[in-house]
> 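Have a look at the structure that comes next, please.
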Amino acid sequence: ITGSASEINDSFAANDAQTISGLGSEFVTLNDTTLDVSTLNTLDGNTSRTINAANVETLTGEAADLNTAYDSVGISGLGDAAVTITDTTISSTTLNTLDDNTEGTVDASNITSLDGSIDSATTALSSEGISGLGSVDVDLSDESLTSGELVLLDTKTDGEIDASSVTTLTGTAAASNAVIISEGIT
């Protein structure tokens with residue numbers, strides 16, 4: 001079957017309602033160039049065969065749903081699609097997984113808060129494949145850090161860094177002083 005994901009989903013719904021019959025294990029080729037990932041994941045659930053999504057240039061949705069689509073063995077051709085995330089709060093690990101899943105750019109401009117470890121947050125904020133994180137707030141989960149790690153993270157975002165989970169901070173006097181005087185680290 002070739003067509004848009006929403007049209008093909010409508011056909012499967014008609015099959016379920018028994019107004020048409022015989023659908024369920026068709027190969028699907030999408031002609032959508034822009035697609036909401038929830039529609040794609042619904043289509044993936046409607047057929048037991050492969051969905052060729054090579055025409056999709058932009059995929060939009062929540063990061064977890066986007067990762068589901070990329071992880072599906074039933075969907076092919078998404079490798080270089082640009083991705084727009086609709087989440088406003090996200091785990092840095094989830095964001096990094098999505099970045100690894102696509103060769104296209106991940107537009108993260110809707111994200112206002114990034115949660116996770118300093119390593120994962122720094123990876124996301126340093127990625128050339130992720131755009132739009134310049135002013136994101138970061139909520140760290142680490143209990144022990146070096147002041148140098150915090151100083152580096154502070155250079156990656158104009159947002160605030162919540163380091164209230166940190167109970168042990170080690171490092172040089174200069175780096176520790178930079179953490180103390182930083183207006184971006186709380």
> Specify the closest pair of heavy atoms between R49 and E26, including all atoms of both residues, with the distance to one decimal.
CB-O, 3.1 Å
> Between the side chain of S135 and the main-chain N/O of D158, is any donor-acceptor distance below 3.5 Å?
no
> Indicate yes or no: at least one non-hydrogen side-chain atom of L40 is less than 4.5 angstrom from one of L78.
yes
> Between S127 and T123 (side chain of the first, backbone of the second, donor and acceptor by atom type, cut-off under 3.5 Å), is there such a pair?
no
> Can you list the steps and then say if T29 with I1 is a side-chain contact (heavy atoms from CB on, under 4.5 Å)?
CA-CA 6 Å; T29 300; I1 300 176; over 6 Å; no
> Please report the closest heavy-atom contact between V138 and A121, naming both atoms and the distance.
CG1-CB, 3.9 Å
> With rounding to the nearest 0.5 angstrom, report the OG1 to CG distance, T86 to L66.
7.5 Å
> Within this structure, what is the CD1-CG distance for the pair I20 and L23, rounded to the nearest 0.5 Å?
4.5 Å
> Locate the shortest heavy-atom distance separating D154 from G184; write the atom from each residue and the value.
OD1-CA, 4.0 Å
> Would a 4.5 Å heavy-atom cut-off, applied to side chains only, mark D71 and N101 as touching?
yes
> Please output the side-chain donor-acceptor pairs of residues 52-61 that fall under 3.5 Å, not counting sequence neighbours, one pair per line with the distance.
| residue | atom | partner | partner atom | Å |
| --- | --- | --- | --- | --- |
| N52 | OD1 | A54 | N | 2.9 |
| N55 | ND2 | L30 | O | 2.8 |

> Taking only distance into account, with no hydrogens and no angle test, what donor-acceptor pairs under 3.5 Å do side-chain atoms of residues 4-14 form with protein atoms, sequence neighbours excluded?
| residue | atom | partner | partner atom | Å |
| --- | --- | --- | --- | --- |
| S4 | OG | S6 | OG | 3.4 |
| S4 | OG | E7 | N | 3.1 |
| S4 | OG | E7 | OE1 | 3.2 |
| E7 | OE1 | S4 | N | 3.3 |
| N9 | OD1 | L43 | N | 3.3 |
| N9 | OD1 | N46 | ND2 | 2.8 |
| N9 | ND2 | A5 | O | 3.4 |
| N9 | ND2 | T39 | O | 3.1 |
| S11 | OG | E7 | O | 3.3 |

> Measure the spacing between CG of D44 and CD1 of I75 and express it to the nearest 0.5 Å.
4.0 Å
> Mind jotting down which residue pairs meet the side chain to side chain donor-acceptor pair (under 3.5 Å) criterion with at least one end in residues 139-152? Sequence neighbours excluded, please.
T146-E149, S147-S176
> For the backbone of S120 and the side chain of N96, can you confirm whether one donor and one acceptor N or O come within less than 3.5 Å of each other?
yes
> Please step through side-chain contact (heavy atoms from CB on, under 4.5 Å) for the pair V37 and Y70, ending with a clear verdict.
CA-CA 10 Å; V37 72; Y70 277 102; over 6 Å; no
> How far apart are the closest heavy atoms of S76 and T50, and which atoms are they?
OG-CG2, 3.6 Å
> Check each of D162, I118, L114 against L140 using the side-chain contact (heavy atoms from CB on, under 4.5 Å) test, and report the only one that passes.
I118
> side-chain contact (heavy atoms from CB on, under 4.5 Å) with L95: which of I85, D115, V136?
I85
> Which pair of non-hydrogen atoms, one from A63 and one from I90, has the smallest distance, and what is that distance?
CB-CD1, 3.3 Å
> With no hydrogens and no angle check, just 3.5 Å: does a side-chain donor-acceptor pair link D87 and N110?
no
> How about I161 and L153: do any of their side-chain heavy atoms sit closer than 4.5 Å?
yes
> Got a second to check how far N41's CG is from T68's OG1, nearest 0.5 Å?
5.5 Å
> For T155 and L152, run side-chain contact (heavy atoms from CB on, under 4.5 Å): C-alpha distance rounded to whole Å, both residues' side-chain angles, the deciding distance at 0.1 Å, then the answer.
CA-CA 5 Å; T155 66; L152 175 62; 4.0 Å; yes
> How many angstroms lie between atom CG of D80 and atom CD of E103, to the nearest 0.5 angstrom?
6.5 Å
> Any side-chain donor-acceptor pair under 3.5 Å between T112 and D137?
no
> Start with the C-alpha gap between T102 and V106, add the side-chain angles, then the distance that decides, and say whether side-chain contact (heavy atoms from CB on, under 4.5 Å) holds.
CA-CA 8 Å; T102 183; V106 176; 3.7 Å; yes
> Give the intermediate values and the outcome of side-chain hydrogen bond (donor to acceptor under 3.5 Å, both in side chains) for residues D36 and S38.
CA-CA 6 Å; D36 185 283; S38 62; 2.4 Å; yes
> Of the non-hydrogen atoms in V179 and L169, which two are nearest, and what is the gap between them?
CG1-CD2, 4.2 Å
